[in-house]
Amino acid sequence: MKERVVQLEVLRYNPDTDSEPHFQRYEVTCNEEWVVLDALNKVKESIDPTLAYRWSCHMAVCGSCGMMINGEPKLSCHTFLRDYEGVIRVEPLAHFPIERDLVTAPDDFMDKLKRVKPYLIPKKEKPISEGEYKQTPAELMKFRQYSMCINCMLCYAACPEYGLTKKFIGPAAIALAHRYNQDSRDGGRDERQEVIATKEGVWECTFVGACSEVCPAHVDPAGALQQVKIASSIDWFKELLMPWSKK
Ligand code: SF4
């Protein structure tokens, strides 16, 4: 297979020794069919074993190899070298604190996922002897798309609102809340709406849509957020016209 020398310009930062991040350039002989992650692995194996980055599955499923590639949030295992000419700049995901080199701290994202209660809260508990909580294919299709998230955080790195205010609950967490709110077996909508139908939730979103453009799993978080805005506006009108309807 054809080979090519690729210039990678990689952001380096070791909090123990560096006062601030800096770029380091590597010349790597790569196969034309490789992805950026392969080139980083070659650097680590044969040029510089100190380079730090996360990855696991190499097949766009685990969501751990997200980074900025020429300024765009991408999965490095799904970004082909053949699509780039000249120097390829590789940086850690934007809007997250850097732990070391290309590794960022996901704590804020994990905290936001927890806040939206991303699990089924059954409408009514029933004993196991009564069997499963069944669902029709049509009911499944209402939320299936929003359940495909791989927690890669690319949507947060692309979101200008999250860049401005870390209070924003953000695209993936709200899309996940919407996934459970749409589930016919769930009874936790009111609890989640208290978190997401708020100023720090959907009303912080200005519908730039970059989250959906970069999402490698086609979740369409921007679409989910707009649906939550519509649903919470309807709730507000209902409460205004029929205050007794609110439990
Ligand atoms: S919604 Fe898409 S971009 Fe955001 S974390 Fe999930 S998979 Fe990644």
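In what follows, residues are counted from 1 in the order of the sequence shown. For ligands, and for the atoms within them, numbers begin at 1 and follow the listed sequence. All of these numbers come straight from a predicted model, not from anything done at the bench.
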Side-chain donor/acceptor of D186 to backbone N/O of I121, under 3.5 Å: yes
Environment of atom 4 (Fe) of ligand 1 in terms of protein N/O/S atoms, cut-off under 2.8 Å: C155 SG
Which residues share a ring pair (Phe, Tyr, Trp, His ring centres under 6.0 Å) with Y180, sequence neighbours left out: none
Residue R82 excluded, over 12 heavy atoms near CZ under 6.0 Å: yes
Heavy atoms from other residues, nucleotides or ligands near NE2 of H218 exceed 12 (cutoff 6.0 Å): no
Backbone of S233 reached by a side-chain donor or acceptor of K238 within 3.5 Å: no
R54 and its side chain to side chain contact (heavy atoms under 4.5 Å, CB included) partner, picked from C62, C65, P106: P106
